[in-house]
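Here's the structure we're looking at; comments come further down.
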Protein chains: 2
Amino acid sequence: MTCPEELDPVRLLTPRAREVLDAARVVLERDGWDTLTMRSLADELGIAAPSLYKHFASKDALRTQLIALALKEFGEAVRPVTGVAALVRAYRDVAAGHPQLYRLATSGRLDRDALPPGLEDWSGSPFLEATGDPHRAQALWAAAHGMVILELDGRFPTGSAPEATWDELVTHFR
Amino acid sequence: MTCPEELDPVRLLTPRAREVLDAARVVLERDGWDTLTMRSLADELGIAAPSLYKHFASKDALRTQLIALALKEFGEAVRPVTGVAALVRAYRDVAAGHPQLYRLATSGRLDRDALPPGLEDWSGSPFLEATGDPHRAQALWAAAHGMVILELDGRFPTGSAPEATWDELVTHFR
DNA sequence: GTCTATACAAAGATAGAC
DNA sequence: GTCTATCTTTGTATAGAC
């Protein structure tokens, strides 16, 4: 289930810029955002660092594109499912599959003006559809995010949250 | 309600090191961790940056002390309350009162070997007491953390989570 | 415990040629 | 679109005197 054409953040990029973006994802997942440098990204592509500035004006512009791409893909990943339990399961899985991208897209302030208008809402709308109520949707999303991010950061004493904890969460919202 | 003496991370610091730590909190809340530098911290104290290394071996050592201090203080803040609703309320309030310290203490990996043994568990134990079950406690903590961190980061469309969303969360766990 | 001076490293970004 | 060369800034940390 793909996102509407007008929300697709990649649609205005040149082919080469998309290649750069793809390489950035690889480096991001390998190293994390803080240690992704314009140099390491250039190395991944086999070019010199200054060449990147022909495709993205700054590292921050690249970051914005990655976040927009994440909103699109995460939204697409959870959209096909039905019901709270399946939604939470899909949300957890897609985050676990792209941990650094998830972290980048969901942590810290968000520069909404730099995103395609409507993309953020579209990305979160599956929670509204699954719960049928805005506040319930927000609470479920926040709870799922809390579980995911604590699990990614290894914050649960056992190392990762037991299935029983996830089950507990789903039960409360069903 | 204070934490047990043997868990207090400050107990081994010199008086001057505590002053440095206090100044670090001020700078942290003002600027955030990423832009807290040894120079800005020294400026706050009115001394030269290299002088700080007489009190803390590295910036990372300072970070560890701040995190330990946060676990202690957050644990103390929520301990006196009784019941899920009051716990969640207290948790939200203490985080909102020290947003940067909360972020530092709860985001990213945690170097558990550098903390006083037992402090992390002690800090989280109010959730166990309020719910009476380990998985339920974990789920409630994760949900509360998700709400708090998304609120601190301005991730809810309205800017902060509506009271109705917090109420929704509490209702599910009561 | 504080200072000055300085080393050392890393990162973002620009200029201008090809 | 890519290169080389370079600028500029910033930050952690050490050495050694006072």
Side-chain angles (χ1 to χ4, degrees), chain A residues 10-69 100-101 103-104 107-111 114, chain B residues 10-69 100-101 103-104 107-111 114:
Chain A
V10 182
R11 75 191 189 285
L12 294 177
L13 298 182
T14 65
R16 185 54 173 152
R18 296 184 197 200
E19 291 175 11
V20 173
L21 199 60
D22 286 343
R25 296 185 59 161
V26 172
V27 178
L28 173 65
E29 288 301 339
R30 191 187 60 209
D31 301 343
W33 178 252
D34 290 343
T35 45
L36 181 159
T37 68
M38 297 304 266
R39 285 182 172 89
S40 66
L41 173 55
D43 286 347
E44 176 70 22
L45 284 157
I47 64 176
S51 304
L52 295 170
Y53 292 87
K54 297 289 181 180
H55 309 293
F56 292 94
S58 64
K59 189 186 176 185
D60 200 59
L62 181 65
R63 192 181 109 103
T64 296
Q65 284 295 328
L66 281 169
I67 292 173
L69 188 62
Q100 297 286 7
L101 187 62
R103 213 185 304 256
L104 181 69
S107 301
R109 300 236 153 232
L110 185 64
D111 182 8
Chain B
V10 183
R11 75 190 189 285
L12 295 177
L13 298 181
T14 65
R16 184 56 173 153
R18 296 184 196 200
E19 291 175 12
V20 173
L21 199 61
D22 286 342
R25 296 185 60 159
V26 172
V27 178
L28 172 66
E29 288 302 338
R30 191 186 61 210
D31 302 343
W33 178 252
D34 289 345
T35 44
L36 180 160
T37 68
M38 297 305 265
R39 284 186 174 100
S40 67
L41 173 55
D43 286 347
E44 176 69 23
L45 284 157
I47 63 176
S51 305
L52 295 171
Y53 291 86
K54 296 290 182 182
H55 310 291
F56 291 94
S58 66
K59 189 186 176 186
D60 200 59
L62 180 66
R63 191 181 111 102
T64 296
Q65 284 295 326
L66 281 169
I67 291 173
L69 187 61
Q100 297 286 7
L101 186 62
R103 213 186 303 259
L104 180 69
S107 300
R109 301 236 152 234
L110 184 65
D111 182 8

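In what follows, chains carry the letters A, B, and so on, assigned in the order in which the sequence lines appear, proteins first and then strands, with residues in each chain numbered from 1.
- For the pair A:S107 (side chain) and A:R103 (backbone), a donor-acceptor distance under 3.5 Å is present.
- B:T37 meets the side chain to side chain donor-acceptor pair (under 3.5 Å) test with B:S40; sequence neighbours excluded.
- A heavy-atom distance below 4.0 Å to DNA chain C is reached by none of the residues of residues 19-26 of chain A.
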Between protein and nucleotides 2-5 of chain C, what N or O pairs are separated by less than 3.5 Å?
{"residue": "C:dT2", "atom": "OP1", "partner": "B:R16", "partner atom": "NE", "Å": "3.0"}
{"residue": "C:dT2", "atom": "OP1", "partner": "B:R16", "partner atom": "NH2", "Å": "2.6"}
{"residue": "C:dT2", "atom": "OP2", "partner": "B:H55", "partner atom": "NE2", "Å": "3.0"}
{"residue": "C:dC3", "atom": "OP2", "partner": "B:A48", "partner atom": "N", "Å": "2.3"}
{"residue": "C:dC3", "atom": "OP2", "partner": "B:S51", "partner atom": "OG", "Å": "3.0"}

What are the atom names and distances for every N/O pair under 3.5 Å that joins the protein to nucleotides 8-11 of chain C?
{"residue": "C:dA11", "atom": "N7", "partner": "A:R39", "partner atom": "NH1", "Å": "3.3"}

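- No donor-acceptor distance shorter than 3.5 angstrom exists from the side chain of A:K54 to the backbone of A:A17, with no hydrogens or angles considered.
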Begin from the C-alpha positions of A:W33 and A:R63 and carry the test side-chain contact (heavy atoms from CB on, under 4.5 Å) through to its verdict. CA-CA 9 Å; A:W33 178 252; A:R63 192 181 109 103; 3.4 Å; yes

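- The interatomic distance linking B:L41 (CG) with D:dT12 (C1') rounds to 13 Å, in whole Å.
- Going from atom CZ of B:F56 over to atom P of C:dG1 covers 11 Å, rounded to whole Å.
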Evaluate B:L52 against B:I47 for side-chain contact (heavy atoms from CB on, under 4.5 Å), listing each step before the verdict. CA-CA 8 Å; B:L52 295 171; B:I47 63 176; 4.0 Å; yes

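- A:L69 pairs in a side-chain contact (heavy atoms from CB on, under 4.5 Å) with only one of the listed residues (A:T64, A:L21, A:L101), which is A:L21.
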Determine, step by step, whether A:L28 and A:L41 satisfy the side-chain contact (heavy atoms from CB on, under 4.5 Å) criterion, reporting the C-alpha distance in whole Å, the side-chain angles of both residues, the deciding distance to 0.1 Å, and the verdict. CA-CA 9 Å; A:L28 173 65; A:L41 173 55; over 6 Å; no

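- When the P atom of D:dG16 is taken as reference, atom OH of B:Y53 falls 18 Å away, rounded to whole Å.
- Residues forming a salt bridge (Lys or Arg N to Asp or Glu O under 4.0 Å) with B:E19 (at least two apart in sequence, or on another chain): B:R16.
- Regarding B:D60, its CG atom lies at a distance of 8 Å from the P atom of D:dA13, rounded to whole Å.
- Taking the salt bridge (Lys or Arg N to Asp or Glu O under 4.0 Å) definition, one finds that A:R30 meets it with A:E44, sequence neighbours left out.
- Annotation: the span from B:R109 atom CZ to B:D111 atom CG amounts to 11.5 Å, rounded to 0.5 Å.
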